[in-house]
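Index from 1, following the sequence. Atoms within each ligand, like the ligands themselves, are counted from 1 in listed order.
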Amino acid sequence: MTPDHGPLLYEGKAKRVFSSDQANMVFVEFKNDTTAFNSLKRAELENKGRLNCQISACLFELLEKEGVPTHYQALAAENWMMVELVEVIPLEVVLRNVAAGSLCKQTPIAEGTVLSPALFDLYFKDDNLGDPLLTEDRLERMGLVTVEQRRHIEKLARRVNTVLTSFLERLDLTLVDFKLELGFNQAGALVVADEISPDTCRLWDMRITDPQDRILDKDRFRKDLGGVVEAYGEIHKRVQEACSKPRNYN
Ligand code: UDP
């Protein structure tokens, strides 16, 4: 089922954005397309869009309930949501609770090292530059955000981390790390945008000790471990069961 949307406004790697007939609201369609390593690796994974859309909807609802503002409005179909139109800041805001991925490639910190307090990393979202890691000084020189906005971004991201970590822990899932995109809505408020899904989070199954078998996120795709959609399905199942509200398509 496809909602009654207006023209395509933007197409990204994993989502399409369409206009709607409601002021300041747009539709987001979650695609099955999957990319990694700056799009060098690509695949289409059946059902991935639906799973990520519904997982994101649950997690956005959870954040809203906990007082964290997001762009999320409602599910519009199984792989569509309606969101508030926001001006996304071109930053990838990454919070790390356990060392993995690029942190272990770029530093001697061993995979699995617990990072407490969580490590807060900012990357400049620019495919042509390969999303470089930013220093505070570089960020300031680039003039993307003010010093005060940078502080606000960190506070919000740490709050998201606290809420998600404790929610996922109850589902026997370790939130290893995750990426957020933030934006300013029409009223000028900073809100969480984009998606929160196994495409953007590293999630390890606490019920499994094997370091490969426990991976339930996009690393299964990056590392050719197989069972990508099955892993996303497991996250979907656990998150959905814990999600308080019944799914509403409107
Ligand atoms: N991430 C993302 N999009 C990106 C880069 C990273 O969603 O373009 C997520 C990634 O899935 C992980 C976290 O951000 O949960 C930290 O990723 P990392 O810096 O370790 O990069 P990677 O190893 O994925 O290249």
Side-chain angles (χ1 to χ4, degrees), residues 11-15 28 30-43 45 48-49 51-53 55-56 59-60 70-71 88-115 117-135 138-139 153-154 156-158 160-161 163-165 167-169 173-183 192-205 211-212 214-225 228-229 231-232 234-235 239:
E11 176 153 10
K13 285 178 260 187
K15 295 184 286 296
V28 177
F30 284 66
K31 302 193 288 184
N32 289 332
D33 303 35
T34 310
T35 63
F37 312 119
N38 209 356
S39 299
L40 286 175
K41 184 168 180 171
R42 293 161 183 270
L45 301 173
K48 191 209 68 154
L51 294 169
N52 277 355
C53 181
I55 293 166
S56 283
L59 296 178
F60 281 139
T70 77
H71 70 158
V88 175
I89 307 165
L91 289 176
E92 300 204 332
V93 179
V94 172
L95 258 283
R96 302 175 188 275
N97 297 305
V98 180
S102 69
L103 178 65
C104 302
K105 291 200 187 97
Q106 295 164 359
T107 73
I109 302 172
E111 184 174 275
T113 305
V114 173
L115 305 164
L119 180 61
F120 172 79
D121 280 334
L122 289 177
Y123 298 82
F124 181 42
K125 194 172 155 59
D126 186 315
D127 282 345
N128 292 328
L129 298 177
D131 299 341
L133 178 66
L134 295 175
T135 62
R138 285 187 187 190
L139 181 65
I153 289 170
E154 177 167 355
L156 199 64
R158 289 194 183 277
V160 170
N161 188 35
V163 172
L164 292 184
T165 300
F167 173 77
L168 292 165
E169 221 168 50
L173 296 168
T174 302
L175 181 59
V176 173
D177 58 29
F178 62 97
K179 183 259 308 186
L180 292 179
E181 292 187 23
L182 303 176
V192 179
D194 194 45
E195 68 182 290
I196 305 176
S197 74
D199 265 6
T200 62
C201 302
R202 283 197 171 90
L203 296 158
W204 291 351
D205 192 344
Q212 289 200 339
R214 70 183 173 186
I215 296 171
L216 294 177
D217 56 68
K218 196 164 155 182
D219 271 352
R220 299 205 71 83
F221 175 70
R222 294 188 188 100
K223 299 177 182 208
D224 287 322
L225 298 177
V228 184
V229 174
Y232 285 34
E234 181 61 27
I235 301 290
V239 166

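Atom 13 (C) of ligand 1 has D177 OD1, 3.5 Å as its closest protein atom, hydrogens excluded (heavy atom only). If you check which protein heavy atom lies closest to atom 6 (C) of ligand 1, you get E92 OE1, 4.4 Å. For atom 2 (C) of ligand 1, the nearest non-hydrogen atom of the protein is K179 CE, 3.4 Å. Taking atom 11 (O) of ligand 1 as the reference point, the nearest protein heavy-atom neighbour is R222 NH2, 2.9 Å. At the shortest separation from atom 18 (P) of ligand 1 among protein heavy atoms lies S102 OG, 3.3 Å.
Numbered from 1 in the order shown, with element, the atoms of ligand 1 that lie under 4.0 Å from a heavy atom of D199 read 7 (O), 11 (O). Near G101, with a cut-off below 4.0 Å to any heavy atom, the atoms of ligand 1 are 20 (O), 23 (O). Close approach of ligand 1 to R202 (heavy-atom distance below 4.0 Å) involves ligand atoms 12 (C), 15 (O), 16 (C), 17 (O), 18 (P), 20 (O), 22 (P), 23 (O), 24 (O). Numbered from 1 in the order shown, with element, the atoms of ligand 1 that lie under 4.0 Å from a heavy atom of Y123 read 19 (O).
Remark: the backbone N or O of S197 is not paired with any side-chain donor or acceptor of K218 at under 3.5 angstrom. A donor-acceptor pair under 3.5 Å is formed between the side chain of R158 and the backbone N or O of A118. K48 places a side-chain N or O within donor-acceptor distance of the main-chain N or O of D33, the cut-off being under 3.5 Å. Using a distance-only test at 3.5 Å, with no hydrogens or angles considered, a donor-acceptor pair links the side chain of R220 to the main chain of I215. Put simply, the side chain of T34 gets close to the backbone of N32: a donor and an acceptor are under 3.5 Å apart. Remark: side-chain polar atoms of N97 are paired, donor with acceptor, to backbone N or O of L175 under 3.5 angstrom.
With a heavy-atom cut-off of 4.0 Å, D121 does not touch ligand 1 at all. At a 4.0 Å heavy-atom cut-off, ligand 1 touches V94 through the side chain alone. Contacts between K218 and ligand 1 below 4.0 angstrom, taking non-hydrogen atoms only, are absent altogether. Under 4.0 angstrom from ligand 1, there are no non-hydrogen atoms of F37. By the criterion of a heavy-atom distance under 4.0 Å, the backbone of C201, and not its side chain, is placed next to ligand 1.
Put simply, atom 25 (O) of ligand 1 has no protein non-hydrogen atoms near it, under 4.0 Å away.
The side-chain contact (heavy atoms from CB on, under 4.5 Å) test with Y232 singles out one residue from L203, N52, L216, and that residue is N52. Looking at T200, D194, D199 one by one, the single match for side chain to side chain donor-acceptor pair (under 3.5 Å) with K179 turns out to be D194.
The cationic group of K41 lies under 6.0 Å from the six-membered ring centre of F221 and within 45° of the ring axis, placing it in a cation-pi geometry.
Between D217 and V176 the shortest side-chain heavy-atom distance does not fall below 4.5 Å.
The shortest N/O to N/O separation between R96 and ligand 1 falls below 3.5 Å.
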